[in-house]
There are 2 protein chains.
Amino acid sequence: MPRPTKRNPERGDARTRLLEAARDAIREKGFAATSVDELCLVAGVTKGSFFHHFKSKEALGVAAAQHWAETTAAFFAAAPYHAAEEPLERVLAYVAFRKSIITGELAEVTCLVGTMVQEVFATSPAIRDACGESIFGHAATLEADIGAAMQDRGISGDWTAESLARHTQTVIQGAFVLAKAGNDPALARESLDHLDRYIRLLFGCSNQEKRSR
Amino acid sequence: MPRPTKRNPERGDARTRLLEAARDAIREKGFAATSVDELCLVAGVTKGSFFHHFKSKEALGVAAAQHWAETTAAFFAAAPYHAAEEPLERVLAYVAFRKSIITGELAEVTCLVGTMVQEVFATSPAIRDACGESIFGHAATLEADIGAAMQDRGISGDWTAESLARHTQTVIQGAFVLAKAGNDPALARESLDHLDRYIRLLFGCSNQEKRSR
DNA sequence: AACCAACCATACCGTACAGTCGGTATGCAA
DNA sequence: TTGCATACCGACTGTACGGTATGGTTGGTT
């Protein structure tokens, strides 16, 4: 074990390491079952340091949700699905991308804020709101492409781009729940196929228009 | 407070009262944050009684999931959505029914096993499997109608009745997550509208075929 | 050199936790 | 009546929890 905590830290400062430890632990077993002591141990930090950076465990939860929002925003902004020419292509590429990253251990696949908000929505408004901002903020990044696709294809149903953007997140969050319940990530991918099919139907794509694989 | 626990109990035996207390508490704040002491207090029962009926807190979790599966199965079996003549009508009526019961407090609307499995899927296989049985068992009750509707309408896409049945549960579970994140049950109803639309599109319903309201 | 604030460490506190244990009360059957 | 199983009670245990108090260390500023 390398000297854990000193100035000029070898792998991020204490705060960041705590946030990363929290991210992993909470995804694995939830917020309530994650103890401060354990986070300190994993992050190689002492209690004093923890409560220097976060005034309470709840504050850590809020910070973890915000950190999640920031890191995932950067991750998706850099993802390749924005490359396509047509806006609808980009939307479908997003769904395909979400599907493609569902591999490996379930805990490493699922959404931190979706997991956390299920437990704390009634007991911690602060964490709940931070989780909400993460989810709806991400949904908002899809709105432009969906709206452009609607205009592009002359679609005007009794639904909005905002609503469909949120629905994609519904399917993704629900997909994680079923994957956990069945202990099989394939269950999540299956629902993303339905989401892909729904979007194509909404936009009047014929079936054979679907790309290979 | 009526004499809580005696033989010839006035409102169910201790075990049932504990299961109901667990159902409410876990939906409100999750499994880990729910203490045995609190459940005993709410159920009007002592610790000794609790551990007489459940050998551990985890065993209570399993029993709570099973109890949930039984009570919800009875609830949906008695629901009016089975009445319609055509199988597709019944499927759509199911979705409409699920939407119609999303009213009031969020904690009273959401799914016990969906909430629980998010926290414990990695730490308690027993609870996870019990939650899985509840969810997938419920999904299975939709398969017959979906299958009949497919045959009825001569549908054969690259999806199965089983898969679509599961997808309905994905949307419902995800809908609860977004409703919690946004602290607004309307968000859940919104996604059920998308699910309704998806099913209609799959089965080639025209839009005006949609019933009023 | 002196100082400061951010940062980190250690020891500790009160409490709430899951689980245990010895015991009592009740119903039933031989 | 005895014997036994089920149901229930409540005090107790050890521990792990979130949080605090206090003091030391470090890098930058003046």
Side-chain angles (χ1 to χ4, degrees), chain A residues 1-22 25-26 28-65 67 116 119-120 123-124 126-127, chain B residues 1-22 25-26 28-65 67 116 119-120 123-124 126-127:
Chain A
M1 186 174 288
R3 191 67 231 300
T5 302
K6 265 282 172 302
R7 279 310 168 75
N8 187 3
E10 54 283 350
R11 54 182 224 283
D13 55 9
R15 189 188 139 93
T16 304
R17 292 207 308 280
L18 282 168
L19 287 174
E20 285 167 355
I26 295 171
E28 179 90 10
K29 49 192 186 186
F31 181 74
T34 296
S35 77
V36 173
D37 282 330
E38 176 207 345
L39 294 181
C40 292
L41 196 71
V42 171
V45 158
T46 59
K47 267 245 182 93
S49 187
F50 181 98
F51 284 99
H52 168 73
H53 290 288
F54 309 102
K55 80 172 221 294
S56 67
K57 191 189 174 189
E58 185 184 22
L60 166 85
V62 173
H67 185 248
M116 203 159 35
E119 311 182 52
V120 304
T123 51
S124 171
I127 299 180
Chain B
M1 186 173 290
R3 194 63 234 303
T5 302
K6 264 279 172 305
R7 279 309 168 76
N8 188 2
E10 54 282 349
R11 55 180 223 283
D13 55 9
R15 190 188 138 93
T16 304
R17 292 207 309 281
L18 281 168
L19 288 174
E20 286 168 354
I26 295 171
E28 180 90 11
K29 49 192 185 185
F31 180 75
T34 296
S35 77
V36 173
D37 281 329
E38 176 207 345
L39 295 181
C40 293
L41 195 72
V42 171
V45 156
T46 60
K47 266 251 182 86
S49 187
F50 180 97
F51 284 99
H52 169 72
H53 290 288
F54 309 102
K55 81 172 220 295
S56 67
K57 191 190 174 188
E58 184 184 22
L60 166 85
V62 173
H67 184 248
M116 204 158 34
E119 312 184 52
V120 303
T123 51
S124 171
I127 298 181

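Worth saying up front: this structure is predicted, and the values here are computed from it rather than measured. Residue numbers start from 1 in every chain, and the chains themselves are labelled A, B, ... in the order their sequence lines are given, proteins ahead of strands.
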Can you work out whether A:E58 or B:R15 has the more 5'-proximal nearest nucleotide on DNA chain D? B:R15

Shortest non-hydrogen separation from A:S49 to A:V45 and the atoms involved: CB-CG1, 3.2 Å

Decide yes or no for A:V36 and A:C40: does some side-chain heavy atom of the first lie under 4.5 Å from some side-chain heavy atom of the second? yes

Could B:K57 and B:F31 be counted as a cation-pi pair, given that NZ or CZ must be under 6.0 Å from the ring centre and within 45° of the axis? yes

Would you kindly give the CG-to-P distance between A:L41 and D:dC17, to the nearest whole Å? 11 Å

So which heavy atom on B:E38 is nearest to which on B:A33, and how close? OE1-O, 4.5 Å

Here the distance between atom P of D:dC17 and atom CZ of A:F50, to the nearest Å, is 12 Å

Let me know the distance between NZ of A:K57 and C1' of D:dA16, rounded to the nearest Å. 12 Å

Distances for protein N or O near nucleotides 21-23 of chain C N or O, under 3.5 Å:
none

Shortest non-hydrogen separation from A:A43 to A:R17 and the atoms involved: O-NE, 2.9 Å

Nearest-angstrom distance from the residue atom NZ of A:K55 to P of D:dG18: 15 Å

B:K55 side chain to B:L60 backbone, donor-acceptor under 3.5 Å: no

Of the non-hydrogen atoms in B:G61 and B:M116, which two are nearest, and what is the gap between them? O-CE, 3.7 Å

Reckon B:H52 has a side-chain N or O less than 4.0 Å from the OP1 or OP2 of D:dA7? yes

It should be established whether A:H53 places a side-chain nitrogen or oxygen under 4.0 Å from OP1 or OP2 of nucleotide C:dC8. yes

Please give, in whole Å, the distance from D:dC17 C1' to A:F31 CZ? 13 Å

Residue-level proximity of residues 32-39 of chain A to DNA chain D when a heavy atom falls under 4.0 Å: A:T34, A:S35, A:V36, A:D37

Any non-hydrogen side-chain atom of A:E119 less than 4.5 Å from a side-chain atom of B:E119? yes

Considering non-hydrogen atoms only, spot the tightest contact between A:H53 and A:A14 and give its length. NE2-CB, 4.0 Å

